[in-house]
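Counting starts at 1 for both ligands and their atoms, following the listed order. Below, each value reflects all heavy atoms present in this structure, side chains not excepted, and no hydrogens, waters or symmetry copies.
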Amino acid sequence: MRVALASLQHETNTYCPGRTRLSDFQIARGPEIAPRAKGTRTALGGWVAGLDQIGAELVGLVAAGATPSGVIEGDAYRALCGELEVALARAGRIDAVALALHGAAVAEDVDDVEADWCERIRAHVGADVPLLATFDLHGNVSAAGLASIDLPFPCREYPHVDTFERGVEAARALPALRARVIRPVTHVERLPMLLPPATTRSGPAARVNALCAEQRARPGVLGCSFFHGFPYADVPLAGASIVASADGDPELARDAARAVASFVWEQREAFRPATLSCVEAVARARALPGGPIVIHETCDNPGGGAPGDGTHLLRAMLEAGLDRACFGCIADPEAARTAHARGVGTKLALALGGKSDGLHGAPLHVRAEVTALSNGRFSPRALLAGVELDLGPMARLRIGGIDVLVSSRRQQTFDDEVFRSHGIDVRRMKIVGLKSAHHFRAGFEGLASAIVTADGPGLTTQRIEVFPRERTPRPIWPLDPEATWSARARP
Ligand SMILES: [Zn+2]
């Protein structure tokens with residue numbers, strides 16, 4: 001079986017001021033794709049492993065991904081589509097198509113990038129070639145958008161620790177699909193609901209996952225997953241959905257999706273986040289016994305499109321006069337460059353962070369000692385293990401009693417590897433400040449004595465009701481109290 005493999009992964013925060021350009025994408029082409037993905041804990045890594053297990057011949061098309069950011073420039077998207085179509089034309093006979101997608105990519109003039117991408121592939125390969133795709137659970141999806149796909153494999157966990165497994169599972173489904181042993185039909189039950197970031201490790205999203213697992217155990221059900229949706233996008237598709245697939249039985253798929261959707265809708269108030277300001281979070285962490293206590297700044301999460309140079313939490317930590325504390329990372333290429341130019345052991349007066357915009361906090365005017373420098377390259381050990389991150393030139397600065405990591409590129413913190421690679425043992429710290437919504441949990445839950453969420457103004461604040469909406473369907477929870485949904489009222 002010759003299986004074509006392609007990937008397009010971007011989480012588009014439509015509130016980001018700039019556009020995402022072609023140069024923001026990392027692109028692998030043709031035979032480059034498999035060796036780069038092999039051995040990584042990613043959906044593409046899972047696809048490569050799974051296709052190997054089923055003995056398929058892998059034909060790499062194009063794999064493009066960018067850090068979450070603003071709407072994809074029209075020319076950039078057309079260039080990516082052009083690459084896909086050239087690769088398809090060169091691929092020769094294709095027996096199946098394997099895709100690693102996100103689900104929340106938006107380009108100028110194209111609201112549902114993944115649907116457009118799949119339609120292009122379907123138009124090339126025809127109706128009879130199986131087309132399977134993995135997704136991120138933050139996809140804003142619709143029935144029309146998934147119509148070109150035979151079977152979707154969304155990741156189920158947030159932190160997304162199961163993307164590799166979904167890729168393997170998708171590959172293993174290919175032979176049965178190709179032999180027409182299974183004939184999947186998929187139902188998408190959209191809820192009028194914008195979900196603030198919700199971990200699946202505890203709370204209502206964990207209970208939803210348990211219900212999805214119950215549905216998947218029903219005979220004939222091939223898949224059932226909760227797409228949380230991506231709330232930082234003002235698009236007609238914004239919102240949460242339950243997506244269920246069944247073998248030749250549309251009513252079963254619909255019933256499975258609605259059973260879970262009913263629970264999500266009834267429990268929606270449990271998804272309303274209760275968070276502290278950065279100042280309150282620091283006070284809370286100081287009052288807690290033991291350590292290390294992780295404070296995560298959720299409002300400036302580069303993993304959701306925020307600039308990563310915000311100063312709300314770091315300012316609160318500095319003003320509290322903490323010692324035995326560290327913070328990582330604040331993105332400031334200018335400060336990193338200065339530290340590299342001056343060298344370890346020098347003392348600097350710096351304006352640190354807060355340079356992207358006025359929303360995420362003003363620059364911090366600090367005196368700092370340069371205590372370590374690096375090239376910013378390391379591999380995470382928990383989420384995305386096997387992937388090499390490149391944060392550009394980095395510096396460890398001592399500011400007051402706090403060790404602060406400055407990166408040249410924005411990046412949320414997945415685990416303590418970035419601290420270790422700069423000589424910081426977080427286990428010896430009382431307080432660890434970082435930028436992330438939930439992915440950090442995969443790396444820190446085992447070593448943090450407590451986790452405190454800090455929120456404030458920012459492009460990824462949990463207060464999703466503060467964003468202006470022109471294109472999001474209304475009414476929608478939690479913006480509009482009159483939003484309603486009922487399985488019984490639906491056809
Ligand atoms: Zn996600």
Side-chain angles (χ1 to χ4, degrees), residues 7-16 20 40-46 64-70 72 99-106 112-114 133-141 145-146 152-167 170 193-201 203-206 208-209 212 225-233 235 237-243 264 271 273 296 298-306 308 380 382-385 387 389 410-415 435-443 458-462 464:
S7 173
L8 178 59
Q9 303 205 51
H10 187 248
E11 188 173 71
T12 305
N13 185 325
T14 67
Y15 297 99
C16 290
T20 299
T40 62
R41 295 280 308 165
T42 62
L44 264 181
T67 301
S69 49
I72 302 167
L99 291 172
L101 301 174
H102 186 283
V106 181
D112 191 343
V113 157
E114 289 81 3
T134 56
F135 285 91
D136 188 284
L137 64 66
H138 292 113
N140 291 317
V141 298
L146 297 183
F153 291 83
C155 83
R156 303 166 187 159
E157 303 295 335
Y158 187 23
H160 304 335
V161 290
D162 63 325
T163 53
F164 178 89
E165 281 75 13
R166 300 288 80 77
M193 190 173 176
L194 289 170
L195 202 73
T199 182
T200 57
R201 299 220 158 183
V208 177
N209 270 5
C212 287
S225 288
F226 182 24
F227 270 95
H228 292 199
F230 187 60
Y232 308 109
V235 289
L237 285 175
S241 318
I242 310 295
V243 176
V264 174
F271 285 98
H296 64 116
T298 190
C299 51
D300 182 28
N301 174 21
L383 203 71
L384 296 184
V387 173
L389 299 179
R410 65 200 174 95
Q411 175 67 57
Q412 74 176 303
T413 298
F414 295 118
D415 58 35
K435 293 176 187 286
S436 180
H438 290 299
H439 282 330
F440 76 98
R441 292 179 190 277
L459 282 171
T460 52
T461 175
Q462 294 194 330
I464 55 173

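Of the N and O atoms on the side chains of Thr298 and His296, not one donor lies less than 3.5 Å from an acceptor on the other residue. Counting only N and O atoms by type, the side chains of Thr20 and Ser69 include a donor and acceptor under 3.5 Å apart. In this structure, a donor-acceptor pair under 3.5 Å is present between the side chains of His102 and Glu11.
Using the six-membered ring where Trp is involved, Tyr232 and Phe230 have ring planes that are perpendicular, over 60° apart on the 30 and 60° scheme.
Within the model, atoms CG of Asp136 and CG of Leu101 stand 10.5 Å from one another, a figure rounded to the nearest 0.5 Å.
Taking the six-membered ring wherever Trp is involved, the centroid distance between the rings of Tyr158 and His160 falls below 6.0 Å.
Shown here are the protein N/O/S atoms lying under 2.8 Å from the Zn ion (ligand 1), water excluded: Asp136 OD1, Asp136 OD2, His138 ND1, His160 NE2.
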